[in-house]
Trainee: 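My questions will all concern the structure given below.
So that the names make sense, note that chain A is the first sequence line, chain B the second, and so on, each numbered from 1. None of the values given here were measured: they were computed from a predicted structure. Atom set for the values below is all heavy atoms of this structure, side chains included, hydrogens, waters and symmetry mates excluded.
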2 protein chains.
Amino acid sequence: MDELTPNNVAASPVERFREFLATRSMRLTQERETIISEIFAAHEHFDVDEIVARLTRPGEKRVSRATVYRTVKSLEEAGLIRKVARSNDRDVYEHDYGYPQHDHLICSKCEKLIEFQNEAISEILEKVAMELGFRLSGHRLEGHGICDACARPPSRRHRKLDMI
Amino acid sequence: MDELTPNNVAASPVERFREFLATRSMRLTQERETIISEIFAAHEHFDVDEIVARLTRPGEKRVSRATVYRTVKSLEEAGLIRKVARSNDRDVYEHDYGYPQHDHLICSKCEKLIEFQNEAISEILEKVAMELGFRLSGHRLEGHGICDACARPPSRRHRKLDMI
DNA sequence: ATGGATGCAAAGCGTTTGCATACAG
DNA sequence: CTGTATGCAAACGCTTTGCATCCAT
């Protein structure tokens, strides 16, 4: 469901990327287009390995892992995606284009990322930074703990009384 | 008799670590003691490489890199230190014992970490988490940007009048 | 035509681990 | 003594890179 794209947001991610590439005299190749399409197919968090896996499924145009790494780095520099966390020793990214600033709650059990928005936090941080003479350009806030689902005793049968 | 030590804070980090090790039937070896002493010698951020480097200086008791990694992991599990960021592809830690909750501003230029405390942010996050049914146990907030020093024009040494 | 891009494999790097030896309790 | 811990080096897993080939412009 993305026909509702707000018009304050420029064209497609691909178009936006093309512009960025132009400023660097880089080219919009089929591989890059394939990768960015895959990444923006759904608004979800991802890591390089996932993208490679998706593009390795039969029917998809395969792109080498090296190229995915190189393209992801470019997309990040272009401001289309951004690194949000590190999970399982891998960098995790999310879209940073056409989406409002938000932060995350990360479940320590299922590793799920829950997004939330809160204007107040940004404002406070902005104020704190200013007082310290720090030029704030952005931030990353992760709340750690246990998500609703994981906290709820999973169909709690009789659990073992103890274990050594 | 250091009665100045707040009594809500147990003895020394080493003592605290010894207790932790006991609960796991692990031993407080000379190496572990050397490492923890070095880490708590000053309240500053550090990474494994730095600790290894310090303990490699002549005069210091050398400890293998593998042991430092293993000990740092234990210290983290013991709650004595905690991971605060990732810089230069290395995990960066700080003391998490006897120090109040705080967050950081990270300079994109010099990589410096600036600490700050702000009660309000924690409160807001706590509220947000609760509304989402998330059991918050802690958080990590990094403000990104340019620090005061790096933002200041680099004392132009080629000033016309600066020919002393 | 031609300078940038891709794929492959090898290299890099921080971090982990197997194993023989060396200690703490 | 006995089960842990250490040191060393090899193994690992993610990410980067050199190079020959390929392609967008």
Trainee: Any idea which of C:dG7, C:dC23, D:dT15 is nearest the B:Arg27 side chain?
Mentor: C:dC23
Trainee: Which whole-number value in Å describes the distance from B:Leu21 CG to D:dT4 C1'?
Mentor: 11 Å
Trainee: For the rings on A:His102 and A:Phe116, is their centre-to-centre separation under 6.0 Å?
Mentor: no
Trainee: Respond yes when some side-chain nitrogen or oxygen of B:Arg90 is under 4.0 Å from OP1 or OP2 of C:dG14, and no when none is.
Mentor: yes
Trainee: Would you say B:Arg62 reaches D:dC8's phosphate, i.e. side-chain N/O to OP1/OP2 under 4.0 Å?
Mentor: yes
Trainee: Between atom CD in B:Gln30 and atom C1' in C:dC23, what is the gap in whole Å?
Mentor: 9 Å
Trainee: Between C:dC13 atom P and B:Asp91 atom CG, what is the distance in whole Å?
Mentor: 17 Å
Trainee: It should be established whether A:Arg70 places a side-chain nitrogen or oxygen under 4.0 Å from OP1 or OP2 of nucleotide D:dT16.
Mentor: no
Trainee: Find which nucleotide of DNA chain D each of A:Ala66 and A:Asp89 is nearest to by heavy atoms, and output the residue with the more 5' nucleotide.
Mentor: A:Asp89
Trainee: Is the closest side-chain donor-acceptor distance between B:Glu31 and B:Thr67 under 3.5 Å?
Mentor: no
Trainee: Can you tell me how far OG of A:Ser74 sits from CZ of A:Arg32, rounded to the nearest 0.5 angstrom?
Mentor: 5.5 Å
Trainee: Calculate the interatomic distance between A:Glu31 atom CD and C:dC8 atom P; express it in whole Å.
Mentor: 11 Å
Trainee: Can you work out whether B:Leu28 or B:Arg65 has the more 5'-proximal nearest nucleotide on DNA chain C?
Mentor: B:Arg65
Trainee: May I ask you to decide if the ring planes of A:Phe46 and A:Tyr93 are parallel, tilted or perpendicular, using 30° and 60° as cut-offs?
Mentor: parallel
Trainee: Can you find a side chain N or O atom of A:Tyr69 that sits less than 4.0 Å from OP1 or OP2 on D:dT15?
Mentor: yes
Trainee: In terms of side-chain geometry, is the basic nitrogen of B:Arg140 or B:Glu142 positioned less than 4.0 Å from the acidic oxygen of its partner?
Mentor: yes
Trainee: For C:dG7, does either OP1 or OP2 sit under 4.0 Å from a side-chain N or O belonging to A:Thr67?
Mentor: yes
Trainee: Taking atom P of D:dA5 as reference, at what distance in whole Å does atom CD of B:Glu33 sit?
Mentor: 15 Å
Trainee: In this structure, how many angstroms lie between the P atom of C:dC13 and the CZ atom of B:Arg86, rounded?
Mentor: 14 Å
Trainee: Rounded off to whole Å, could you give me the CE-to-C1' distance for the B:Met26 and D:dT6 pair?
Mentor: 12 Å
Trainee: Closest-nucleotide mapping onto DNA chain C: is B:Arg18 or B:Asp49 further toward the 5' terminus? I mean the 5' end.
Mentor: B:Asp49
Trainee: A:Lys73 has an atom NZ; how far is it from atom C1' of D:dC14, in whole Å?
Mentor: 13 Å
Trainee: Is the shortest side-chain N/O distance from A:Thr29 to OP1 or OP2 of C:dT6 below 4.0 Å?
Mentor: yes
